[in-house]
Amino acid sequence: MILPEPYRLIAYLVGALAFVGLNAAYLVWLERKVAARFQRRPGPTEVGPAGLLQPIADGLKLLGKQFVVWPHADRVLFRLAPAFVLAPALMCLAVIPFGHALCARDFNLGLLLVFAFGSVNVLAILLGGWASRNKYSVIAAARVVSQNVAYEIPMLLVVTTLLLTAGTMNLRELVQQQAGGVWNWNLVKVWVNPLMPVLFLIFYVCMLAETNRAPFDMAEAESELVAGAFTEYAGMGFGLFFMAEYANIVVGASVATVLFLGGWHSPVGVMPGTFWFLVKLYALVFSVMWVRWTFPRTQFYRLLNLSWKLLIPAGLGALLFTALILKLR
Amino acid sequence: MNELIEQLKSAYAVLVVPARADTQAAAVPAVVQPTDPERRGCHLEVTVTPAVVVDAAQVANRFGFAIDTITGIDWPEAGQMEVVYDFFHPQHRLHLVVRTRVPRDAPALPTIQDVFPGANWHERETHDFFGIKFIGHPDLTPLLLPEDADYHPLRKDFTNVSRSSN
Amino acid sequence: MSPGHPTDSSVSAAAPRETFVLNVGPQHPATHGVLRLKLTMDGEYVLHAEPVIGYAHRMHEKMGENRTYVQFLPNPSRIDYLSAMHYMHAYVCVVERALGIEVPPRAEYIRVITSELNRIASHLVWFGAFLLDLGAFTPLLYAFDDREKILDLLEAVTGSRLTYCYYRFGGLCNDVDEQFIEGTRAFVKHMRGRLGMYHKLVTENLILRKRLEGIGVISAELCRKYGATGPVLRGSGVPCDVRKLEPYSVYPEFEFDVPHFAEGDCMARYKVRMEEIAQSLRIIEQAIAKLPPGPVMAEKVPRVIKPPPGDYYFAVEAARGRFAIRLVSDGTEVPYRLKLRTPSFSNLALFGEAARGLLMQDALALLGSLDLVIPDVDR
């Protein structure tokens with residue numbers, strides 16, 4: 001079933017917005033519940049059954065608050081930044097194949113598009129931090145830029161390595177290549193490239209860093225930089241940054257699922273389709289939360305060292321090694 | 001440890017303010033007095049004139065003492081203010097007290113913060129509470145009191161406004 | 001692999017350097033209360049750090065001169081609310097010293113038990129808050145879970161959960177019951193297991209080790225010059241503990257070690273405090289085993305407290321270090337002068353020098369490792 005063009009676009013817009021909105025709302029709820037479980041406390045329980053209506057209440061509260069722009073801020077950029085931060089995540093969702101047919105744009109260069117838009121996110125946080133004209137925000141913005149630049153390189157190196165064996169940038173085709181059981185997923189295809197698990201590990205670490213999640217949450221290291229780049233934001237401006245954070249996690253986890261975990265393919269052979277895609281996606285999201293509530297934050301220079309001194313050489317090594325294998329085969 | 005006390009005693013015994021020709025002031029030796037630690041909490045009390053507190057602190061420094069605290073005591077009847085320097089020893093059971101008295105109407109004495117940088121805050125606090133000036137101290141702005149405080153609450157003639165009204 | 005700071009050689013002197021002042025606090029998540037830090041920064045390097053204090057100043061010393069000895073009893077526990085028992089201990093002991101009161105042994109044993117429980121509670125709060133500073137949220141909740149057990153025990157005996165006013169001149173206000181003894185025994189057992197878990201989960205965590213090892217080194221000499229005491233001094237390799245060095249109460253009757261580590265970094269201070277929890281458990285265990293029967297109040301305590309004129313000094317080892325009271329009595333019902341020497345004040349004083357040249361992140365780790373209680377600094 002393929003929808004004709006204008007309807008497809010509308011369906012995508014509605015779907016993506018609803019998906020991002022609901023995800024942000026309920027991932028916050030999930031995060032709070034997960035954190036609570038790790039910390040032996042109940043978490044939100046008051047609003048609705050098991051606190052399920054809590055995100056709605058929080059969202060309404062944020063909407064009802066004034067969007068304060070303080071006099072010394074750059075008025076235009078300050079307002080633009082929250083919009084900039086959410087838009088790229090929405091764009092990325094356009095090419096992600098949630099199921100065999102559930103993909104807004106079956107695009108040949110899908111992967112490239114995801115990474116192209118993924119980088120805009122950094123710019124938005126930089127804008128927000130800069131426009132705030134707050135020292136904490138500027139420090140955080142500077143940190144975010146150097147962090148994201150540092151981690152984009154190993155991430156792209158890993159993806160390039162993968163592409164050497166896959167030979168396509170179309171996300172749907174990438175998933176289709178992994179059909180036929182767990183052993184065909186890229187993660188475990190060690191006979192194609194023995195470095196596959198390592199690639200996944202690097203990708204995962206980079207994903208944490210790119211989405212500014214703990215232990216790499218330099219953008220909002222609350223015990224040092226108050227709320228980092230978002231210190232001056234109130235109301236829905238802050239809400240949009242918050243939504244974007246979760247949207248980016250979802251995008252990151254989706255890409256990881258597509259690249260390494262066989263996309264919509266079922267590991268047990270039953271019920272292939274969107275269900276399995278979401279299971280894998282949320283399993284990854286859960287692991288991201290798990291990491292956050294377990295580890296302390298790293299130091300900023302160690303974070304950069306990790307990328308420049310370990311991940312990038314490792315990524316380069318993997319790329320050369322894979323190229324060598326392909327040449328010799 | 002008794003040996004250490006004896007050494008301290010002799011070190012302080014030679015601590016004498018030299019006679020000055022311009023004021024005809026006579027030489028004043030430091031008074032060293034051992035005390036009962038069980039009863040008083042300190043082992044040695046040294047009473048010096050304000051002019052030699054820096055030398056007294058240097059002796060303490062040489063013996064490896066750490067600065068405990070500095071405080072003032074107001075004695076309006078005697079027209080004096082007492083400044084008490086406490087030193088504790090990180091390795092031995094030894095507590096040293098150096099006392100000095102300054103005139104109440106113009107309380108001033110040299111700072112020891114070049115010997116013990118930690119004295120900086122203690123002296124600033126003593127200045128806050130008693131108005132005792134520490135000559136050579138880099139910054140005597142109120143530390144604990146509000147930044148515009150011009151009163152010295154631990155002087156005995158300072159009356160608490162809310163208390164005196166009832 | 002910490003980068004050299006720009007104050008020495010890495011930046012050429014000719015390059016123009018732009019600095020800015022970063023105002024941390026008085027409301028900032030890392031300052032745990034109303035402490036303000038004026039940091040002069042070069043990028044993320046701290047060139048100069050100046051703590052600004054006094055926001056929670058209450059003038060306890062003047063209060064002491066305005067009320068009788070008994071009326072001042074509730075005050076010491078409000079100076080450092082996390083270490084209330086030790087502050088009470090110092091206050092009642094200095095007055096007992098002035099009056100020459102002999103305290104019955106049972107009372108002293110119970111004082112030691114409650115003091116050590118309080119020390120554990122205080123270190124647990126520090127443990128949680130410090131890791132919160134480092135960005136790990138979860139241990140806080142675990143630490144507070146354990147602390148809750150201590151608070152419940154102490155609440156049953158003293159009636160309060162934080163600012164205890166349990167000690168009296170000459171003893172205690174009431175005896176402990178069998179339930180408290182049983183509960184404390186159970187707690188010691190429980191806490192030993194938890195300590196093991198903390199070490200596995202937190203101490204051995206690689207990120208944590210990297211964040212603390214070699215960071216914020218304070219030398220023993222710096223501690224001496226600033227009068228820093230407690231875990232800060234012991235973390236610099238000096239086994240200085242008032243309980244051992246100037247023994248008070250019945251501490252000489254117990255076997256315990258004074259943990260000290262020579263590294264002087266944040267990790268050393270961390271390890272000192274964690275080890276102190278274990279040592280406190282040891283003391284509690286011995287004290288419970290040896291707890292003598294008898295009264296908990298001395299018989300010859302005057303109705304009106306009028307210490308003979310003189311100058312008395314008493315120091316105790318509080319959770320944050322050496323807490324001392326200098327009491328000057330003029331023979332009346334009110335103290336003539338009551339000087340409170342608090343450990344956090346001296347421990348914070350060295351921050352400016354110790355933080356110079358650190359990265360901001362490391363400077364805040366250093367600040368957390370000093371275990372400050374701001375009302376204790378400000379009095």
Side-chain angles (χ1 to χ4, degrees), chain B residues 35 37-43 45 60-61 64-75 77 82 84 86-95 97 99 113 115-122 124-126 128-130 139 141-147 149 153-156 158-160 163, chain C residues 50-59 61-63 65-66 93-94 97-98 100 220-229 233-234 236 238-240 242 244-248 310-315 322 324-328 336-337 339-342 345-346 348-350 352-353 377-379:
Chain B
T35 49
E38 290 305 320
R39 189 83 187 89
R40 299 280 311 281
C42 60
H43 297 79
E45 276 194 342
N61 185 29
F65 279 96
I67 182 154
D68 193 19
T69 187
I70 299 174
T71 188
I73 303 170
D74 188 14
W75 301 104
E77 287 86 14
E82 188 171 3
V84 186
D86 277 290
F87 300 98
F88 69 93
H89 205 290
Q91 274 99 29
H92 305 282
R93 188 187 177 187
L94 198 52
H95 192 93
V97 180
R99 294 166 178 277
Q113 73 119 18
V115 188
F116 286 102
N120 185 316
W121 278 18
H122 290 294
R124 234 173 116 185
E125 181 200 308
T126 310
D128 277 19
F129 292 170
F130 293 92
D139 176 23
T141 51
L143 179 69
L144 293 174
L145 295 182
E147 56 206 12
L154 282 183
R155 287 189 175 199
K156 288 287 170 191
F158 175 84
T159 44
N160 191 330
R163 200 161 259 266
Chain C
E50 186 195 345
V52 180
I53 61 173
Y55 291 93
H57 178 54
R58 292 147 296 167
M59 201 74 228
E61 295 178 15
K62 188 72 180 173
M63 280 190 232
E65 293 180 17
N66 273 328
C93 280
V94 75
R97 173 171 277 175
E221 183 64 8
L222 192 70
C223 287
R224 187 175 76 80
K225 293 276 189 184
Y226 279 91
T229 49
L233 182 55
R234 293 193 282 275
S236 302
V238 184
C240 170
V242 185
K244 281 273 191 212
L245 218 54
E246 301 168 37
Y248 58 97
D311 192 314
Y312 311 93
Y313 180 92
F314 200 95
R322 180 189 179 91
I325 296 186
R326 172 173 293 284
L327 167 68
V328 181
Y336 188 76
R337 172 86 176 92
K339 165 69 186 172
L340 309 162
R341 187 265 186 219
T342 54
F345 185 82
S346 304
L348 176 62
L350 59 71
E353 200 162 325
V377 177
D378 289 346
R379 280 162 289 151

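A note on names: the letters A, B, ... follow the listed sequences, proteins ahead of strands, and every chain is numbered from 1.
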For residues [X] and [Y], report the shortest heavy-atom separation together with the two atoms involved.
X	Y	value
C:C240	B:P90	CB-O, 3.4 Å
C:M59	B:P153	SD-CG, 3.9 Å
B:L144	C:I53	CD2-CD1, 3.8 Å
C:R337	B:G72	NE-O, 2.7 Å

Aromatic ring pairing B:H122/C:F345, orientation class (parallel under 30°, perpendicular over 60°, tilted between):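 Taking C:F345 first and then B:H122, their aromatic rings sit tilted (interplane angle of 30° to 60°).
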Parallel, tilted or perpendicular, as decided by the 30° and 60° cut-offs, for the rings of B:F129 and C:H57: parallel
Between [atom1] on residue [X] and [atom2] on residue [Y], distance to nearest 0.5 Å:
X	Y	atom1	atom2	answer
C:R341	B:I67	CZ	CD1	9.0 Å
C:D378	B:L143	CG	CG	8.5 Å
C:R379	B:E125	CZ	CD	4.0 Å

Choice from B:R99, B:E147, B:Q91 maximising heavy atom contacts with chain C below 4.5 Å: B:R99
Selection from B:P142, B:A119, B:G118 maximising heavy-atom pairs under 4.5 Å formed with chain C: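 The residue among B:P142, B:A119, B:G118 with the greatest pair count is B:G118.
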Checking [X] against chain C: side chain, backbone, both or neither under 4.5 Å from a heavy atom?
X	value
B:H89	backbone
B:N61	both
B:F65	backbone

Stepwise side-chain contact (heavy atoms from CB on, under 4.5 Å) test for C:T229 and B:F88: CA-CA 10 Å; C:T229 49; B:F88 69 93; 3.3 Å; yes
Contact class of [X] relative to chain B, heavy atoms under 4.5 angstrom:
X	result
C:Y312	both
C:Y248	neither
C:Y55	neither
C:A315	neither
C:E246	both

The single option from C:K339, C:R224, C:R322 passing salt bridge (Lys or Arg N to Asp or Glu O under 4.0 Å) against B:D68: C:R322
Between C:C223, C:A98, C:G100, the one whose heavy-atom pairs under 4.5 Å with chain B are most numerous: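 Heavy-atom pair counts peak at C:A98.
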Any donor-acceptor pair under 3.5 Å from C:Y226 side chain to B:A66 backbone: no
Short side-chain donor-acceptor distance under 3.5 Å, B:T69 and C:R326: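 Result is no, nothing qualifies.
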Side-chain touch C:Y313/B:V84, heavy atoms, less than 4.5 angstrom: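 C:Y313 does not reach B:V84 side chain to side chain.
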